[in-house]
Amino acid sequence: MCGCVSVWVCGTVRWWTVSTREPVGTTPPSSVLRPPSSVLRPSSLKGEHKMTANQDIALSGELARQYEPGAIEAALYERWMERGYFHAEVDRDRAPYCITIPPPNVTGELHMGHGLCYTIHDVLVRWKRMQGLATLCLPGTDHAGIATQNVVERMLAEKEGLSRHDLGREAFVQRVWEWKEKYGSTIIEQMKSLGCSFDWERERFTMDAAYSEAVLEAFIHLFNEGYIYRGYRVSHWCPRCRTAISDIEVDDEEQAGSLWYFKYPIEDGYMFGTEHIVIATTRPETMLGDTAVAVHPEDPRYQSLIGRHVVLPIMGRRIPIIADPILVDPEFGTGALKVTPAHDFNDFDAGERNDLPKITVIGPDARMTEEAGPFAGMDRMDARAAVVERMNNDGLLVKIEDHTIVAPICDRCKTVLEPLLSEQWYCRMSELAAPAIGVVREKQIQFTPDRWEKVYLDWMERLRDWCISRQLWWGHRIPIYYCDSCGKVTAARRPPERCAACEGISFTQDPDVLDTWFSSSLWPFATLGWPQRTPELDYFYPTSALITASEIIYLWVARMIFMGMEFMKDIPYPDVYIYATVLDANGERMSKSKGNGINPVLLVSQYGADATRYAIVTQAGKAQQIRFVLEKQCPECKDWSLIDAERCRCGQPFPEEVEWRAPQVAQARLFCNKIWQASRFVMMNLGEDEGPRTEDESQTLRLQAPLLEAGRGRARGPGGAETEDEGPGTEDESQTLRLQAPLPASGRGRERGLEDRWIFSRLANVTQSVNEGLAAYDLDVATRSLHEFVWSEFCDWYIELAKRRLSGGDPTIRENLRVILDTILRLLHPFMPFLSEAIWQRLPEHGATLMLAGFPEVNLEQTDLDSEQKMEQLMDLVVKIRNMRSELKVAPGLRIPVFLSNVAENLTGWMEIVENRARCNIEFETNPQEGDSRGSAVSASGSIAIRIPLEGLVDFEKERARLSGEIASLEKEIEGLDRQLSNDQFLTRAPENVVSEKRRRRAELEERLRMAAEALQRSGT
RNA sequence: GGGCGGUUAGCGCAGCGGUAGCGCAUCUCGCUUACACCGAGGGGGCCGGGGGUUCGAAUCCCUCACCGCCCACCA
């Protein structure tokens, strides 16, 4: 297997470009990367289940020679689901842990940001579940008003040539529901392919009946409290979506534009000699709605004009010249400004201040209205050109300058927005914001990384009222009823029977729906049953954490916090973890419109869910952005380039179909394989008598008893002394596994070998790192230390040292290997759930599932610094000897004599480790000179001198070259140390221990230099 | 215009006051009773530029440059 699949061409520009259009019609949302559908299909998670047979293969029998994620993942997920491991119940005997996931849009499909988000969720949740908490991760989706309506509208237009108006409101909404039922779970299925252990039995949708009740309740409450009001003002309007949108749904786009200078004739100007005033504008078409010209009150150029009038060109309207210090910057343009209160936010405010009329010249369809006189009916962009032409013809166009404008665009459809005067529902923010600011200030809610706290507070403190009405059909319809007789406004769940004011009996409901974010702001409690006082709400609220993206701190996080404070009188969660933005290989943000996104599902199909998760999480710490790389291979020279390169370094252009890889995931995949193989080794050596035992099905939902039973082993304290048994058997309070060194039955030296003490000390260390990393949301730290431990310590050293003992029939080593592997699998499980479970199920002693087995815990007393120090010295000695062998080109298989001098006494007993790992026979000598150092290679490890007789091993030329190199590097380092040590400042100001360490180091180097020099000298003779 | 990140070996990253580490890639050797998706060893870096603080700076401060993200009503 080459490990690569070809990528199918998608889109026209670049092979990995996806169309910017939303998925439409009967086609499910398309993947960004599109491999053959047979490969991409997330798994057999949905639809036909032929898992029963596969489960056996995945969960029992010998571990396959090759690690193949596909063979275990679907089967395990199926089994976990069947057994209800993801489901959480209220359990008063245990502490709760609850996260409600950020609900993705129903129209969505997984991209890397989601991959990061939900993987972090699952890691934390699996960790907490293993720790024995009643753990609920509640999933769901958001109805995403505008986005979903757009998708269905487009589908209707393309497939049936119908607009929503052709269908009518009720029928259209019905069609959206149908679409939702059919495609709305795509993203949910994709989460499952990542292995997410969310409680699917509690999955929610923001338009579920119960959830909708919560939305009504919230609205009516806020209305009755006077927070919600109707306002007639300028708001952002999307002419394509035909709805108002809130400020934070606006994106900016820099566009090349112009600044037009127009002359406005001054009324009776000839009488005092100033006939025109020149104004500058970027939007000429709005001049038709001008109702004033403004200047700065202190601008000396215009003092005489303030209070006079101009005659608005084209329209012939007489409008005043006003002075407004807020609106006008005298430095810009001509210092004179046209004022269009109906089409500009600042002008609207100025209009309010100066009591100006508001004339709407652009309609909701972005066409000019009747008020636009000769231009009525024209598109706004056509009208712009027409106005400029007319002004030019009338001799009123002074000049045109190039000017970069920042156009507001709709973050959903990218249409240029129009500030439009309209009547909308608003939510007053000042009172609601206050407590939400307070709880963050007081650290009741803690942001991680904490820099985001400032971002949140800055925004909350200058919050404007929230426009909550949308002119859409898909969403929660605003529960406002107008009396048809007297117009009285009532907020109610259902139409009132009778008008409280006039006794009228006929009502009309407000046609608008609520902003999507209104409903999602209730998410942490509405999903748990609010406004009902359910046991779940009582038990799980406040939830434990929120994990989300920085881009929705305003849109969502802030609103959840103030809604939580308003309705629950309590924070929604104490922790807000903001994860990094995912960038592509070029450091640009991954986004749909750029087409540079990577679909994690594709990575799962290529590398497996465990590798994908691990690769993602290795980067998930406190970084603000992380990069995800994709490479493709040149078919000519086989070299790899970034995925969007046009040409290979060899000059060849890339074909449309290429081999690709994700190096970070590939690396993670190697790690998976390493674990698999190491596990195979351990299991092969556990022996028949310890073969897998049948599990007890009744334990299914209960937490596993801690693995190590009392009496199986006794804890080993620092320094290797045996201490009182504090095995988990005596600790039923904590259901987590207490890490401890297992115990050899007798005290025979070899069984309590140095390497055993060392590895358990290291295991304690890594256990602590993983727990601390998880607790601090430093998932990258946790995975790094795990990787280091498993690969470099357990595999490279302990297993290698174990081989000798295994062949010698030492029973202790088998037990140690078993316990260490067991602990590793537990530590690994949150990150690599499938692999760890599949292996764990084959351990001699295992429960129903690793998911509910205890998570290792440790305290620092379990580290054994003495053994760590000794092992470090021994390992360094091995490396140094290997190093010499390699440089001397000694045949790898050849066992050679090695002479050591100056070996600390407490190390001399452990030389078998060195002999074993460096293929040598160690002999001690008190002084290297005493031996025949003339024909020897010499080196050192710390203060230990190493001498290898060269007799019959090497030619002396090589050794002399090697010595010269070593001497040079020794001299260089000594020189550096001398520089410091001869510096009085250093000697007097640096801490004593630093100085003495340098001195010690110097002396050691000096000694090595002397030996090397002598050896060189002798070898030359 | 403001704010926040980043800039360390070819690539992706760690280190955040005592003269540089990891993985991949590369080179040499090796199928040694888990793993060639491997093992052993090696080469490769004036830690973005410039100032400063300090006995000592990749690490702290200032400044500039470049990359990215967020916020802001300059017509």
Side-chain angles (χ1 to χ4, degrees), chain A residues 1 3 63 65-67 248 252 259 279-283 286 294 326-329 331-334 336-340 344-347 349 403 405-406 408 419 449 451-452 454-455 458-459 462 550-551 553-554 580-581 583 585-589 618-619 621-629 631 640 642 663-664 666-685 780-781 784 787-788 791-792 795-796 799-800 803 806-807 879 882-887 889 891-893 918-919 973 976-977 979-980 983-991 994-995 997-998:
Chain A
M1 282 203 304
L63 279 180
R65 256 187 85 81
Q66 302 268 316
Y67 163 60
I248 43 183
D252 289 333
L259 192 58
I279 56 92
T281 181
T282 53
R283 303 196 52 205
T286 63
I326 300 171
L327 184 64
V328 183
D329 170 10
E331 304 294 315
F332 189 89
T334 60
L337 165 67
K338 64 194 254 342
V339 184
T340 322
D344 183 278
F345 290 90
N346 296 313
D347 290 7
D349 293 341
H403 186 76
I405 56 165
V406 181
R451 66 180 103 93
W452 295 109
K454 189 169 165 304
V455 174
D458 283 352
W459 188 71
R462 54 183 173 76
S550 61
E551 65 186 18
I553 290 177
Y554 307 143
T581 306
L583 308 179
N586 295 311
E588 286 179 29
R589 186 202 169 87
T618 331
Q619 303 194 78
K622 305 259 195 309
Q624 187 161 319
Q625 51 227 354
I626 60 181
R627 209 170 297 194
F628 223 88
V629 178
E631 295 175 336
W640 295 89
L642 286 186
Q664 290 143 307
Q667 273 172 233
R669 171 64 212 260
L670 293 182
F671 185 41
C672 292
N673 184 252
K674 188 70 178 177
I675 296 159
W676 186 266
Q677 298 300 344
S679 303
R680 278 185 63 220
F681 174 83
V682 172
M683 250 137 10
M684 284 165 65
N685 284 290
D780 54 345
V781 174
R784 254 199 304 279
H787 186 278
E788 163 77 12
W791 205 310
S792 309
C795 292
D796 288 351
I799 286 188
E800 290 307 324
K803 287 176 179 171
L806 285 164
S807 61
V879 168
R882 283 175 180 168
N883 189 330
M884 291 173 76
R885 294 180 60 123
S886 170
E887 284 182 32
K889 304 264 189 274
R919 286 237 171 184
E973 194 176 343
L977 286 168
R979 216 174 306 126
Q980 285 190 297
N983 181 340
D984 282 344
Q985 300 277 23
F986 173 72
L987 295 177
T988 51
R989 305 208 186 182
V994 173
V995 176
E997 170 56 25
K998 300 256 179 205

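Sequence lines set the chain letters: A, B, ... in the order given, protein chains first and strands last, and positions in each chain run from 1.
- Contacts of A/Asp796 with the nucleic acid, taken as non-hydrogen atoms under 4.0 Å apart, involve only primed sugar atoms and P, OP1 or OP2.
- Contact between the side-chain N/O atoms of A/Asn983 and the OP1/OP2 oxygens of B/G56 is not found at any separation under 4.0 Å.
- To the nearest whole angstrom, the two C1' atoms, one in B/C69 and one in B/C62, are 24 Å apart.
- Distance CZ (A/Arg882) to C1' (B/G30): 12 Å, rounded to an integer number of Å.
- For the side-chain hydrogen bond (donor to acceptor under 3.5 Å, both in side chains) test, residues two or more places apart in sequence or in another chain that qualify with A/Arg680 are A/Gln677.
- For A/Glu997, the side-chain hydrogen bond (donor to acceptor under 3.5 Å, both in side chains) partners two or more places apart in sequence, or in a different chain, are A/Arg1000.
- The phosphate of B/G39 (OP1 or OP2) has a side-chain N or O of A/Lys674 nearer than 4.0 angstrom.
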Tell me which donor-acceptor pairs under 3.5 Å the side chains of residues 667-676 of chain A have, and how far apart each pair is, sequence neighbours excluded?
unit_1, atom_1, unit_2, atom_2, d
A/Arg669, NH2, A/Tyr67, O, 3.0
A/Trp676, NE1, A/Ala64, O, 2.7

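- Taking the C1' atom of each, B/U59 and B/C70 are spaced 27 Å apart, rounded to whole Å.
- The separation between A/Asn673 atom CG and B/G39 atom C1' is 14 Å, rounded to whole Å.
- Look at CZ on A/Arg451: it is 16 Å from P on B/C69, rounded to the nearest Å.
- Of the inter-residue distances, the one linking A/Arg882 atom CZ with A/Met884 atom CE reads 14.5 Å to the nearest 0.5 angstrom.
- Distance check on atom C1': B/C66 versus B/A25 gives 26 Å, rounded to whole Å.
- With sequence neighbours left out, the ring-ring contact (aromatic ring centres under 6.0 Å, His included) criterion links A/Tyr554 to A/Trp459.
- The phosphate of B/G41 has neither OP1 nor OP2 within less than 4.0 Å of any side-chain N or O from A/Arg885.
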Step by step, would you call A/Asp458 with A/Lys454 a salt bridge (charged side-chain N to carboxylate O under 4.0 Å, His left out)?
CA-CA 6 Å; A/Asp458 283 352; A/Lys454 189 169 165 304; 3.5 Å; yes
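- Taking the ring-ring contact (aromatic ring centres under 6.0 Å, His included) definition, one finds that A/Phe986 meets it with nothing, sequence neighbours left out.
- Going from atom CD of A/Gln677 over to atom C1' of B/C31 covers 14 Å, rounded to whole Å.
- A donor-acceptor pair under 3.5 Å is absent between the side-chain atoms of A/Gln619 and the main chain of A/Phe628, judged by distance alone.
- Here A/Cys795 lies in heavy-atom contact (under 4.0 Å) with a base.
- Taking OG1 of A/Thr340 as the reference point, atom CZ of A/Arg283 lies at 8.5 Å (rounded to 0.5 Å).
- Across the protein-nucleic acid pair, A/Met884 atom CE and B/G42 atom P stand 13 Å apart, rounded to whole Å.
- Between the CH2 atom of A/Trp640 and the P atom of B/G12 there is a distance of 16 Å, rounded to whole Å.
- Atom CD1 of A/Ile799 is separated from atom P of B/U32 by 18 Å (rounded to the nearest Å).
- B/A58 sits 28 Å from B/C24 when the P atoms are compared, rounded to a whole Å.
- Taking atom P on both nucleotides, B/G5 is separated from B/G23 by 30 Å, rounded to a whole Å.
- For the atom pair A/Leu583 CG and A/Gln625 CD, the distance stands at 5.0 Å (nearest 0.5 Å).
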Just the table, please: protein N/O against nucleotides 43-47 of chain B N/O, every pair under 3.5 Å.
none

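- Rounded to a whole angstrom, the distance from the C1' atom of B/C38 to that of B/U33 is 15 Å.
- Among residues two or more places apart in sequence or in another chain, the side chain to side chain contact (heavy atoms under 4.5 Å, CB included) test is passed with A/Arg919 by A/Arg885.
- Position along RNA chain B of the nearest nucleotide to A/Asn883 versus A/Tyr67 favours A/Tyr67 as the more 5'-ward residue.
- In this structure, the separation between CG on A/Asp780 and OG1 on A/Thr618 is 8.5 Å, given to the nearest 0.5 Å.
- At a cut-off of 3.5 angstrom, counting only N and O atoms as typed in the model, there is a donor on one side and an acceptor on the other between the side-chain of A/Gln66 and the base of B/C37.
- Looking at RNA chain B, the stems built from 3 or more consecutive Watson-Crick or G-U wobble pairs, each pair with its key distances under 3.5 Å, are B:1-7 with B:65-71, B:10-13 with B:21-24, B:26-30 with B:38-42, B:48-52 with B:60-64.
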Determine, for nucleotides 13-29 of chain B in 5'-to-3' order, which nucleotides have protein heavy atoms under 4.0 Å from the base (write B), from only the sugar-phosphate (write S), or from neither (write -).
SS---BB---BS----S
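- Side chains of A/Thr282 and A/Leu259 form a contact here, defined as non-hydrogen atoms less than 4.5 Å apart.
- Atom CZ of A/Arg65 is separated from atom P of B/U33 by 12 Å (rounded to the nearest Å).
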Heavy atoms under 4.0 Å is the rule here; annotate nucleotides 70-75 of chain B 5' to 3' with B where the base is hit, S where only the sugar-phosphate is, and - elsewhere.
SSSBBB
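- Nucleotides B/A36 and B/G21 have their C1' atoms positioned 26 Å apart, rounded to a whole Å.
- Remark: A/Glu788 engages no residue in a side-chain hydrogen bond (donor to acceptor under 3.5 Å, both in side chains) (not counting sequence neighbours).
- Taking 4.0 angstrom as the limit, A/Lys622 places none of its side-chain polar atoms (N or O) nearer than this to OP1 or OP2 of B/G5.
- Under the side-chain hydrogen bond (donor to acceptor under 3.5 Å, both in side chains) criterion, A/Arg451 pairs with A/Gln624, not counting sequence neighbours.
- Side-chain atoms of A/Val339 and A/Leu327, non-hydrogen and from C-beta on, do get closer than 4.5 Å to each other.
- Comparing B/G45 with B/C35, their P atoms are spaced 37 Å from each other, to the whole Å.
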